[in-house]
Amino acid sequence: MIDGTAGVSGRREADEALLDNPDALAEHDPGGMLRHTASAGAQVRETAALAAEANLSALADEGRPRAVVIAGIGTAGRTGDVLATVAGPRCPVPVIPHRSAGVPGWVGAADVVIAISASGRSPEALGAAEAAHRRGARLVAVGAPDSQLQSVAERARAPFIPVPRRAPARASLWALTVPVLLAARSLGLVKVNEADLAETAARLDADADRCRPTAESFVNPAKSLALGLAGSVPIVWGSSPLATVAARRFGDTLSANARYPVVTGALGEAGRGRVGLLDGVFGGLAEGERDIFADPAEDDGEGTRLRLVLLRDGGLNAEDDTDEPLAVEERRADAVQTLAERRGVRCDVVTAEGGSALERLASLIAVPDFASIYLALAHGLDPMAVPAITEMKELSNQ
């Protein structure tokens, strides 16, 4: 173990053996991030029940809105991306994620603002809720019970969905997402039914079992993915809009949990320029200079390589009016895998499973979520305690 500046401790090189030692994993994860992540299925069930008690049906009384603004930052803001992709191209109104203070200038009485904050006190969500109330927009708030956000919702006589704060926001994606989806369902924007939620929760439970700490690396897909990424510069691309949301989520967790720099985005966008990374100094050029007989242990960080993670949807969009038909997405994904292989860039593939868009999204998020935590633990990092986040808040609030 080494100590860096600002009291940061950990290992530059990943300790592969640690991942198959459940006792050591528990010791390095004092905040229980693995346990919190394994609760994703339970989060779906709990917050679906809480949303059912919030009388969201009243949202529909004033008819369909002109637009829906999803106000929040970090994981809360990512819920807007989930809603937009689950609603799909046939959504009858625009769904607009908003990650800064207040609301867009055009928001008024014809619109709906959904303000989300795991803590119930983020300035972005509070500012959006206050602004929505002042402008006469319909408001829905999602956050911790007995919080400032609940107080704003009560003053505005708006529905509030209490989400118990049991984990850091980044481990609470599903707790925050389900109320947003159910509010949108009340507005007639998405067709998410109870069966979809039950199947999604079951999928998350099953993936949590596959990725459990006691499952050894050779049968644990999250540990295998983490070991493949160790010491690399990850590039995570999604083959479809739904897979791209999962790719960006993986970028969030790799950065926050494992402190890895990462490039994320849509495979379609990558084909317009970023696919050139495969030819660059960390891609094809580096791989071309690799001595196949060299000892990887003597690399000493000088030979950092790209590692491509491709999230493939293979979805059920045959009857949707999408800009990117399934056949195009699949050919593009096949092409980038071939490009990576020709350049010696290693590629991991996670393929979506499930019948609904929500379940397929869950299947693309679950294993990478666990992988980001295992990667942190392999480096001796506490995935929950991020000193830089705490210091940034302290410096910003001075």
Side-chain angles (χ1 to χ4, degrees), residues 33-45 47-48 74-87 97 116 118 167-181 192 196-212 220-226 229 234 236-258 260 262 264-267 309-315 348-376 383:
M33 278 292 282
L34 284 171
R35 183 181 70 254
H36 293 314
T37 302
S39 75
Q43 292 177 29
V44 171
R45 287 183 284 267
T47 52
T75 302
R78 194 63 71 199
T79 65
D81 300 330
V82 174
L83 173 57
T85 192
V86 171
I116 308 106
R170 62 183 181 276
S172 306
L173 174 68
W174 295 100
L176 299 174
T177 294
V178 170
V180 172
L181 292 172
V192 174
D196 295 333
L197 294 173
E199 291 164 1
T200 299
R203 172 75 57 183
L204 291 166
D205 287 342
D207 283 336
D209 184 63
R210 291 197 301 143
C211 299
R212 67 189 184 279
N220 186 319
K223 290 181 180 180
S224 298
L225 180 56
L229 290 172
V236 189
W237 285 329
S239 69
S240 70
L242 183 144
T244 298
V245 172
R248 292 185 171 130
R249 162 69 178 180
F250 196 18
D252 295 341
T253 58
L254 279 173
S255 297
N257 294 334
Y260 262 56
V262 57
T264 67
L267 192 54
V309 180
L310 187 58
L311 304 185
R312 298 189 65 158
D313 186 359
D348 296 287
V349 179
V350 180
T351 303
E353 299 177 357
S356 68
L358 190 61
E359 185 184 356
R360 295 202 316 278
L361 180 63
S363 73
L364 291 175
I365 287 177
V367 171
D369 270 5
F370 279 100
S372 69
I373 298 171
Y374 284 125
L375 185 56

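- The minimum heavy-atom distance linking Gly80 with Pro97 is given by the pair C-CG, 3.8 Å.
- Between the side chain of Ser39 and the backbone N or O of Ala42, no donor-acceptor pair lies under 3.5 Å.
- To the nearest 0.5 Å, atom OG1 of residue Thr79 and atom CG of residue Leu176 are 6.5 Å apart.
- The one candidate from Leu181, Leu204, Leu358, Thr177 that meets the side-chain contact (heavy atoms from CB on, under 4.5 Å) condition with Val44 is Leu204.
- In summary, Asp369 and Arg170 do not engage in a salt bridge, as defined by a charged side-chain N under 4.0 Å from a carboxylate O.
- Legend: residues meeting salt bridge (Lys or Arg N to Asp or Glu O under 4.0 Å) with Arg45, ordered by chain and number and at least two apart, are Asp205.
- Closest approach of Thr75 to Ala169, counting heavy atoms only: CG2-O, 3.4 Å.
- Gln43 and Ala171 get closest at one heavy-atom pair: NE2-O, 2.9 Å.
- For Arg210, the salt bridge (Lys or Arg N to Asp or Glu O under 4.0 Å) test picks out Asp207, with sequence neighbours left out.
- Gly238 approaches Ala247 most closely through the heavy-atom pair N-CB, 3.9 Å.
- A 4.5 Å side-chain heavy-atom check between Asn220 and Tyr374 finds at least one atom pair inside the cut-off.
- In this structure, Arg249 CZ and Leu254 CG are separated by 10.5 Å, a value rounded to the nearest 0.5 Å.
- Heavy atoms only, all atoms of each residue included: Cys211 and Val367 are closest at SG-CG2, 3.9 Å.
- Rounded to the nearest 0.5 angstrom, Thr253 OG1 and Ile365 CD1 are separated by 9.0 Å.
- Distance check: Trp174 CH2 to Leu361 CG gives 4.5 Å after rounding to the nearest 0.5 Å.
- Val262 and Ser255 make their closest contact through CG1-OG, 3.7 Å (heavy atoms, listed as atom of the first residue, atom of the second, distance).
- Of the charged side-chain nitrogens involved, none lies within less than 4.0 Å of a carboxylate oxygen, so that Arg248 and Asp81 do not count as a salt-bridged pair.
- Once rounded to the nearest 0.5 Å, the distance linking OG of Ser363 with CG of Leu242 reads 8.0 Å.
- Here the side chains of Val82 and Val180 are not in contact, with every heavy-atom distance at 4.5 Å or above.
- Put simply, the side chain of His36 reaches to within 4.5 Å of the side chain of Pro168, judged on heavy atoms.
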Does Leu311 form a side-chain contact (heavy atoms from CB on, under 4.5 Å) with Val236? I'd like the steps, not just the answer. CA-CA 7 Å; Leu311 304 185; Val236 189; 4.2 Å; yes
Before you tell me yes or no, could you show the steps for Phe250 and Leu364 under side-chain contact (heavy atoms from CB on, under 4.5 Å), namely the whole-Å CA-CA distance, both residues' side-chain angles and the distance that decides it to 0.1 Å? CA-CA 9 Å; Phe250 196 18; Leu364 291 175; over 6 Å; no
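- The side-chain heavy atoms of Leu310 and Leu267, taken from C-beta on, include a pair separated by under 4.5 Å.
- Note that CG of Leu197 is 11.0 Å distant from CD of Glu359, once rounded to the nearest 0.5 Å.
- Among residues two or more places apart in sequence or in another chain, the side-chain contact (heavy atoms from CB on, under 4.5 Å) test is passed with Asp196 by Val192, Asn193, Glu199, Ser356.
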